[in-house]
Visitor: 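Below is one structure. I have some questions about it.
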Amino acid sequence: MTLSTPVTATVQCVIFPVRDIDELAPLYVDVKDNGKVTVLDRRAIRLDAGTSVSFATYFNAFPASYWQRWTSVRETILFVSTKGRGVVTVMRSDENGTQRPMQVTAVAGETESTFSLPLIGFDDGGWYWFDVQAEGDIEVTESRWGVTEDPVTTGLVSLGITTFNKPDYCVATLNVLADAPETLREIDRIFIIDQGTRKVTAEAGYDAVAVALGEQLAVIEQSNLGGSGGFSRGMAETLKRDGSDFVMLLDDDVEIEPESVLRAVWFARYCVSPAIVGGHMLDLGKRTVLHAYSEVVDERPFMWGPPDRAHERHDFAESSLRETSWLHRREDSDFNGWWMCLIPIAVIRDIGLALPVFIKWDDAEYGLRAGEAGYPTVSLPGVALWHVSWVDKDDTIDWQAYFHARNRLIAALLHSSFRRGGSLLNEYRKQDLKHLLSLQYYPVALRLQAMRDVLAGPQHLHEMMPNRLAELRAWAADYPEMAVYDSATAPKSLEGRLSYPPTDGKGPRGAALALFTFRAALRHWFARTPQALVEQPEQRLSKRDATWWRLPGFDSVLVDTADSQGSSWYRRDRAKFRSLLAESIRLNRQIGQNWDDLRNRYRQQASDITSPDVWKQTFRK
């Protein structure tokens, strides 16, 4: 679907992938009866006689429930242009995925069929789409979803792309936009916030695309202030633009579908009141996989994630929209990841910019803050990009562990309604002990520093932005498990590689877990590591095998990294275990005892630390 603006309508046109058709087809067209379909161009396909196709697909079905719930639109009009003989059937579904035909039209020759479809009865879910049955060879030359009402607002969007040393991705994104004139018409400015040492302006191909985009492109270089600093700069720059009603935040390591920019903008224009409109994340490594359909914050442990973990990473190549009943339910979100997220300027003027937290939780906290101010977040189906996946990474044991811990705690202080943050501090105690028993001392040291910094108060957040990352990385030198060895330098294990069957349990549960933890903690507190294992690892484990219930049984073990680029040497250190565990107990207790005071301090200063004026001073550092 593409979004353009005829005089009286918003129009969404069906699109098809011209490249990577075999891989991407499940997102665009669902071929039935093993028929033959030929992609003619980005707007048109040809069906051989006897072939049936359904456009009940992620990118081509119309998410009727979302339009009914959040916008002023009460009718959509479907236009289907065909050349040849066949049958066009308009279908709808409900929240349970139950499907039924709405209108059926036989076509022959060159025909434009028009279907007026009410947005009624989609309270809890449901889509519209159309199917085509080819009785002879037939081409679908164009198709559009339209509305006749006037939009609530008509302003343009500016894009804020934050990047750190990924100039190749940025230039590729700019080229996609430059080749999409219908999208460029709705864009005021494209801001590239370059925080890296490999500059976008020095990348091959930049000069040519900069000429093509002209004054619509602005590259702003600043020191590395993380995602929150880069995205806040994009917000701040857009605030200066009289023609922008929205800013769309985009990650750098993505491939965009330019139609998605238009869909988000037009949906936002029709929202009854200002709403954040988020795009979904598709996996750039496996392009038919949807990372998450919606995201919420579970307040008791105060942790983000999908409403149902079973729905994570849905693969459309394995189960189409028609075949997946839960995809037909409307799912409301607390926030949307800032890989692709459109925010109305009215929201920014009201609630400010991002928290100054470098990375992690800035998007979730902003969505919660906006929701409390009356601005919902809508993760809109059919609006998406492809993002480099983090599935094969483990950012809970490197320097990012600090930001995970600190920022989650700050967000809870700002937004949790539970006494002492619900079960959050108990979760922190468990995480610390799990890492310590797993011979991972560095992330615990970072988590403890995160708690000290939270106790110091919100007034220090801006001043820590430019230098905290370098300090955290420097601390890794004191933790031998953070050294990564390649195949040539890795120490040889005494007993070689140890592997376990993939079905070998999920670890102890219930009373067995309590007994396991008690025994493991006693061993780590009292037992000394044999000298031979101080000098050489006992065995080697893959990352898959190095689970939280296996590592506590080792004194010295070589573990492959999550990205399979090397290995790390984990060694049990009784002194570090004792000191870090004692400090964890003390700091968790201190935060719990001072929760009410900390909550009041953070909430009182929240509007100051997120204000454009305060952020402006940080941008200059």
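All values derive from a computational prediction rather than experimental measurement.
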Visitor: When you measure from the side chain of S260 to the backbone of A384, do you find a donor-acceptor pair of N or O atoms at a distance under 3.5 Å?
Guide: yes

Visitor: Test your reading of the model: is there a side-chain donor-acceptor pair from S143 to the backbone of V80, 3.5 Å cut-off?
Guide: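 Such a contact is absent between S143 side chain and V80 backbone.
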
Visitor: Is it the case that the side chain of S158 and the backbone of R189 share a donor-acceptor pair, with hydrogens and angles ignored and the cut-off at 3.5 Å?
Guide: yes

Visitor: Using 4.0 Å as the upper bound for N to carboxylate O, is an ion pair formed by K83 and E112?
Guide: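 Salt bridge: no.
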
Visitor: When rounded to the nearest 0.5 angstrom, what distance separates CD in Q99 from OG in S93?
Guide: 6.5 Å

Visitor: Which atoms form the tightest heavy-atom contact between W129 and F55, and what is the distance?
Guide: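 Heavy atoms only, the tightest pair is CB-O, 3.6 Å.
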
Visitor: Determine, step by step, whether L342 and F267 satisfy the side-chain contact (heavy atoms from CB on, under 4.5 Å) criterion, reporting the C-alpha distance in whole Å, the side-chain angles of both residues, the deciding distance to 0.1 Å, and the verdict.
Guide: CA-CA 10 Å; L342 179 144; F267 184 87; over 6 Å; no

Visitor: Got a donor-acceptor contact below 3.5 angstrom from the D315 side chain to the L290 backbone?
Guide: no

Visitor: Considering all heavy atoms of both residues, which atom of W67 and which atom of W266 are nearest to each other, and what is their separation?
Guide: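 In this case the closest contact between W67 and W266 is CH2-O, 4.2 Å.
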
Visitor: Any heavy-atom pair between the side chains of I345 and V347 that's under 4.5 Å?
Guide: no

Visitor: Between E149 and R74, does any side-chain N to carboxylate O distance fall below 4.0 Å?
Guide: no

Visitor: Would a distance-only check, ignoring hydrogens and angles, find a side-chain to backbone donor-acceptor pair under 3.5 Å from N336 to M340?
Guide: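 Yes: the side chain of N336 pairs with the backbone of M340.
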
Visitor: Contact between Y169 and L284 at the side-chain level, heavy atoms closer than 4.5 Å - yes or no?
Guide: yes

Visitor: Looking at side-chain heavy atoms only, is the closest gap between D252 and N165 below 4.5 Å?
Guide: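 No - every pair of side-chain heavy atoms lies 4.5 Å or more apart.
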
Visitor: Shortest non-hydrogen contact from P306 to V296?
Guide: C-CG2, 4.4 Å

Visitor: Where the side chain of E75 meets the backbone of S116, is there a donor-acceptor pair that is under 3.5 Å apart?
Guide: no

Visitor: Any donor-acceptor pair under 3.5 Å linking the side chain of T111 with the backbone of V107?
Guide: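 Answer holds: no.
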
Visitor: What is the distance from atom CD1 of I359 to atom CG of D363, rounded to the nearest 0.5 Å?
Guide: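 I359 CD1 to D363 CG: 11.0 Å, rounded to 0.5 Å.
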
Visitor: Among V132, D131, V140, whose side-chain contact (heavy atoms from CB on, under 4.5 Å) with V53 holds?
Guide: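 The single option meeting the side-chain contact (heavy atoms from CB on, under 4.5 Å) with V53 is V132.
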
Visitor: Atom CD in Q103, atom OG1 in T114: separation rounded to 0.5 Å?
Guide: 10.0 Å

Visitor: Passes salt bridge (charged side-chain N to carboxylate O under 4.0 Å, His left out), R263 versus E257? Steps please.
Guide: CA-CA 10 Å; R263 297 181 191 186; E257 170 55 80; over 6 Å; no

Visitor: Please tell me if the side chains of Y375 and I351 come closer than 4.5 Å, counting only heavy atoms from C-beta onward.
Guide: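 A side-chain contact exists here, since the closest heavy-atom pair is under 4.5 Å.
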
Visitor: Any Lys/Arg nitrogen of R43 or E182 sitting under 4.0 Å from an Asp/Glu carboxylate oxygen of the other?
Guide: yes

Visitor: Can you tell me if CH2 on W304 sees more than 12 non-hydrogen neighbours from other groups inside 6.0 Å?
Guide: no

Visitor: What do the steps show when you test I343 against Y366 for side-chain contact (heavy atoms from CB on, under 4.5 Å), and what is the final call?
Guide: CA-CA 10 Å; I343 305 174; Y366 200 89; 4.0 Å; yes

Visitor: To check you understand the geometry: which heavy-atom pair defines the closest contact between A317 and T288, and what is its length?
Guide: CB-OG1, 3.6 Å

Visitor: Assess whether a salt bridge exists between R46 and D137, defined as any Lys/Arg side-chain N lying under 4.0 Å from an Asp/Glu carboxylate O.
Guide: no

Visitor: To the nearest 0.5 Å, how far apart are CG in L27 and CH2 in W386?
Guide: 6.0 Å

Visitor: Between K199 and E203, does any side-chain N to carboxylate O distance fall below 4.0 Å?
Guide: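 Salt bridge flag = no for E203 with K199.
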
Visitor: What do the steps show when you test S379 against S294 for side chain to side chain donor-acceptor pair (under 3.5 Å), and what is the final call?
Guide: CA-CA 6 Å; S379 295; S294 66; over 6 Å; no

Visitor: Would you please test V200 and Y206 for side-chain contact (heavy atoms from CB on, under 4.5 Å) and show each step?
Guide: CA-CA 7 Å; V200 173; Y206 170 79; 4.0 Å; yes

Visitor: Quick one: pull up CD in E237 and CZ in R233 and give me the separation to the nearest 0.5 Å.
Guide: 4.5 Å

Visitor: Please examine the side chains of Y128 and M102, heavy atoms only from C-beta on, and report whether any two atoms are closer than 4.5 Å.
Guide: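 Touching, per the 4.5 Å side-chain cut-off.
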
Visitor: Do I77 and T148 come close enough that some side-chain heavy atom pair is under 4.5 Å?
Guide: yes

Visitor: Distance-only, no hydrogens or angles: does the T76 side chain make a donor-acceptor pair with backbone N or O of G146 under 3.5 Å?
Guide: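 Yes.
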
Visitor: Looking at R313 and D283, does any basic side-chain N land under 4.0 Å from a carboxylate oxygen?
Guide: yes

Visitor: Of the options D188, I187, L177, which is the one that meets Q216 in a side-chain contact (heavy atoms from CB on, under 4.5 Å)?
Guide: I187

Visitor: Show the numbers, then the answer: is there a side chain to side chain donor-acceptor pair (under 3.5 Å) between D245 and T153?
Guide: CA-CA 8 Å; D245 276 359; T153 183; 2.6 Å; yes

Visitor: Under 6.0 Å between the ring centres of H280 and Y293?
Guide: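 Between H280 and Y293, the centre distance is under 6.0 Å.
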
Visitor: Look at the side chain of T98 and the backbone N and O of D94, then say whether any donor-acceptor pair between them is shorter than 3.5 Å.
Guide: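 No, the answer is negative, given that no donor and acceptor are paired below the 3.5 Å cut-off.
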
Visitor: Got a salt bridge between R322 and D30, using NZ or NE/NH1/NH2 to carboxylate O under 4.0 Å?
Guide: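 The answer is yes: the pair qualifies as a salt bridge.
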
Visitor: Looking at every non-hydrogen atom in both residues, tell me the closest pair between I276 and C341 and how far apart they are.
Guide: CG2-SG, 3.4 Å

Visitor: Does this structure show an ion pair linking E372 with R369, if we count only N-O contacts that are shorter than 4.0 Å?
Guide: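 No.
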
Visitor: What is the ring orientation for W326 with H311, classed by angle as parallel under 30°, tilted 30 to 60°, or perpendicular over 60°?
Guide: parallel

Visitor: Using every non-hydrogen atom in the two residues, find where R408 and F302 come nearest and quote the distance to one decimal.
Guide: NE-O, 2.8 Å

Visitor: Do the charged groups of R85 and E135 touch, with an N to O distance under 4.0 Å?
Guide: yes

Visitor: Any side-chain heavy-atom pair from R69 and R330 closer than 4.5 angstrom?
Guide: yes

Visitor: Show your reasoning for whether side-chain contact (heavy atoms from CB on, under 4.5 Å) applies to T38 and I45.
Guide: CA-CA 6 Å; T38 303; I45 60 171; over 6 Å; no

Visitor: Tell me whether the centres of the aromatic rings in W70 and Y66 are closer together than 6.0 Å.
Guide: no

Visitor: For the residue pair E365 and H415, establish whether any side-chain heavy-atom pair is separated by less than 4.5 Å.
Guide: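 Answer yes - side chains close enough.
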
Visitor: Give the C-alpha distance, both sets of side-chain angles, the deciding distance and a yes or no for salt bridge (charged side-chain N to carboxylate O under 4.0 Å, His left out) between D124 and R329.
Guide: CA-CA 6 Å; D124 297 315; R329 294 196 298 271; over 6 Å; no

Visitor: Applying ring-ring contact (aromatic ring centres under 6.0 Å, His included), which residue pairs with at least one partner in residues 230-254 are found, sequence neighbours left out?
Guide: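 Only F231-W338 qualify under ring-ring contact (aromatic ring centres under 6.0 Å, His included).
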
Visitor: How long is the straight-line distance from CG of L156 back to CG of L159, given to the nearest 0.5 Å?
Guide: 11.0 Å

Visitor: Where do K360 and D362 land on the salt bridge (charged side-chain N to carboxylate O under 4.0 Å, His left out) test, with the steps shown first?
Guide: CA-CA 6 Å; K360 307 300 180 187; D362 46 352; over 6 Å; no

Visitor: For the side chain of W127 and the backbone of L327, is there at least one donor-acceptor N/O pair under 3.5 Å apart?
Guide: yes

